[in-house]
Each structure stands twice: as C-alpha cells, then as structure tokens.
Amino acid sequence: MSLDLRSSYAPLLALAGVGGLLGGFLGAPPAWLLVWVGLLLPLLALVARWSPVRAGAGAAALGVAAVALWPVPLMWGPASWLEVCGAAAFWAVPALGALAVGGHLRRQASRMRRAVRDGRRDQQLELARDLHDFVAHDVSAIVVQAQAARFVADKDPEQAVRALERIEAAGLGALASMDRTVHALREAAGARSASVPGTSELPGLVERFEGGVLDADPAAARELSREADTTAYRVAVEALTNVRRHAPGAAVVRVRLRRAAEGIELSVANSAPARGAGGLLGLGLRRRSGTGLAGLRGRVEAAGGTLRAGASADGGWRVCAVFPAQGRALG
C-alpha cells in the first residue's frame, strides 16, 4: 500500500465525518445516514491501522463523534436527553470497535517489524562473531608461523619454506572465511544460505596447526545435527586459537571427536608448555576473546549440548563439548 494512499485516510475520514453530521442536521434521509455510517466504520479502522498518530488521532475522534451522534437529529424533540445520550453511547460502541481492530492490526505489524529488525541485528552480530573467530584463528596461525620462520630462516631454510607454505594456507583460509561472511551479508532479506564449516573440515583445521593431532570418528560426526556439527567446529577453532595465544609452548594439541556415554564428544586438550616457553595454558578462554567461554557455552547449550573447560592432569588445558546424538537428548 502506497504512502500517499495511507496519508489520505485521515483527511477523508474528517471530511466524511463533518459532511455526515451536516447532512443529518440538514434533514438527510435515515437510509442515507446508515449507509454513511457503514462507510465511516471501515474508514475508522483504516485510520487506526495506517495513519500517522498525530493526524489520525484528530480524525478518529471526529469519526467516532460522527458515528455516535448521527441519530441525534432524528430524535430531536420527542426523545428525552437520557434517550439521546443512550443512543449516542450505543452507536459509539461499533466506532470504538473499528478503532480497536485497526489499532490491533497496527500493533501486530509493529511487533512483526520489531521482530524482523531484532532478527537481522542478531544475524549481523552472529556473522561478525563468525568472521572474527574464524579469521582470528587463521591470522594467529600466520603470526606464529611468521615468528617461527624468522628464527629458523638462517639455520634451516627448509623449515622456513614449510612455514611459508603454512602461512599461505592460513591466509587462504582467512580469505575463504571472509568470502563466506560477505556472501551471507549480501543475501536477500539477510538469509544465511552460505555454507558454514563443520566437523568435516576438522582435518584441514588441525593440519594447519603445528603440533595438532586429530582423532575423529566419522560415524560419530554423522550423528551430530547440523547445528551441533557447526558448533563443534566453532569450539575447535576457538580452543585452538586460544592455545596459540596463551600456550604457544605446548608440544601437542589433541583434538578428539568420538562417541561418549553422554552423546558425541568434541575435546581439545593441549599439553603443558615446555619449561621456559611461557604461556598461560588455557586462560585465554577465560579472558575476553572473539567468543569467550561464556559465549561459547551459550552456543553449545543452544545446540543441546554442554561445555566444560579446565586444567588437565598433565598440567595442560582441556575444553570438552558434548552434544546429543541425533534422536537423543541429554538427560
């Protein structure tokens, strides 16, 4: 419905109200007055639904008065004031009912617009988190490999070349993540149809992580729902990124995807950093990052799972997410 047509409802209602009242007091036939009232009622609903509040309020008040007062000229003289007031109150009911219908439709439309706006905002925030988390993982890999290549370039050029190859792979991964996010942002109506990485990409993720060891059960991965599958990948990305940031001296980082008694378990555990290597073990998940432990736990719980994080027996750090297998729910 065009804006010009919507803006014409209030003036039209005001004009019709004044014209009908004048016609009633000038002796218009009752049948014509009833037809006029029948036209005013839908106009009242349209004004309440579409007109701007300031212009619509005045026109609506005039319309309600016109509908309520139309029988007054017919009752003038023989009827008492009490009867006239009763008739006016009786005819005010359908006028107020028409306003209520239009107002209800207006509120419903406003709620729908607000829900769409909130949904789009949440979607944009999620896309921003995706871009940050996925790209942060690859960029941290580039930084670590560049530092390693700088130290070994003179003594072991072959190691430097391998580090450059890993930098290239991480850079391509970051570009792919940005492409997916930009594609999703460009989709009509904000729909996210771009593919989101899942556990099928864990081998490539762990391969780019020096010291990473993957132990994944393909059958277990097939029992994850789509949401749990992508969330499990997010857990792995965030955990590996925090190992790079806060436990760079860890010799081994083991990523496991397997069946467990509670469901399907995805765990990332790093060994204790070598002496003198520094690092904060797994404290990165407790500090502010792209997702953080609280945000990551919220994502896992939204997918029906649970998340645990804490120090391991060997002095390292372990992050473990458990998701229900398809067809089951966690107790």
Side-chain angles (χ1 to χ4, degrees), residues 1-128 184-193 298 302:
M1 190 173 295
S2 68
L3 184 60
D4 291 339
L5 184 59
R6 296 176 187 177
S7 60
S8 67
Y9 289 140
L12 184 60
L13 176 61
L15 183 63
V18 172
L21 284 175
L22 289 176
F25 282 101
L26 292 177
W32 284 101
L33 292 176
L34 281 175
V35 172
W36 165 76
V37 169
L39 293 175
L40 281 182
L41 292 177
L43 264 179
L44 279 167
L46 288 172
V47 166
R49 170 64 182 90
W50 295 111
S51 293
V53 175
R54 183 173 297 179
L62 183 58
V64 171
V67 173
L69 297 177
W70 83 268
V72 171
L74 303 179
M75 302 174 66
W76 200 265
S80 66
W81 277 106
L82 185 61
E83 290 173 329
V84 170
C85 292
F90 175 83
W91 282 99
V93 172
L96 294 174
L99 284 179
V101 170
H104 175 72
L105 294 176
R106 190 186 193 106
R107 285 192 300 273
Q108 290 295 101
S110 177
R111 289 174 183 171
M112 185 176 297
R113 288 194 300 271
R114 187 163 57 250
V116 170
R117 185 173 61 251
D118 292 344
R120 287 180 177 173
R121 186 184 64 244
D122 293 342
Q123 211 164 52
Q124 289 168 352
L125 291 174
E126 185 178 358
L127 287 169
L185 286 170
R186 287 177 176 172
E187 286 297 313
R192 284 191 66 186
S193 62

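The shown structure was predicted, so the numbers you read here are calculated from the model rather than taken from an experiment.
The distance from atom CG of Leu13 to atom CG of Leu44, rounded to the nearest 0.5 Å, is 5.0 Å. Residue Leu46 holds its CG atom at 11.0 Å from CG of Leu41, rounded to the nearest 0.5 Å.
Looking at residues two or more places apart in sequence or on another chain, you find no side chain to side chain contact (heavy atoms under 4.5 Å, CB included) involving Leu15. Partners of Arg107 by salt bridge (Lys or Arg N to Asp or Glu O under 4.0 Å), not counting sequence neighbours: none found. By the side chain to side chain contact (heavy atoms under 4.5 Å, CB included) test, Leu96 is found to be paired with Val64, Leu99, residues two or more places apart in sequence or in another chain being considered. Partners of Val72 under the side chain to side chain contact (heavy atoms under 4.5 Å, CB included) rule, at least two apart in sequence or in another chain, are Leu69, Trp76, Val84. Every residue was checked against the side chain to side chain contact (heavy atoms under 4.5 Å, CB included) condition with Leu39, not counting sequence neighbours, and none meets it. Applying the ring-ring contact (aromatic ring centres under 6.0 Å, His included) criterion to Trp36, with sequence neighbours excluded, gives no partner residue. Considering only residues two or more places apart in sequence or on other chains, Arg111 meets the side chain to side chain donor-acceptor pair (under 3.5 Å) condition with Gln108. Evaluation of the side chain to side chain donor-acceptor pair (under 3.5 Å) rule for Glu83 yields no partner, not counting sequence neighbours.
Within the 3.5 Å criterion, the main-chain N or O of Ser51 finds a donor-acceptor partner in the side chain of Arg106.
The heavy-atom pair separating Gly103 from Ala48 by the smallest distance is N-CB, 3.7 Å. The nearest pair of heavy atoms linking Ala55 to Ala10 is O-CB, 3.9 Å. Annotation for Trp91 and Pro71: closest pair CD1-CG, 3.7 Å, computed over non-hydrogen atoms.
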Under the criterion side chain to side chain contact (heavy atoms under 4.5 Å, CB included), I'd like the reasoning laid out for Trp70 against Leu40: C-alpha separation, chi angles, the key distance, then a yes or no. CA-CA 11 Å; Trp70 83 268; Leu40 281 182; over 6 Å; no

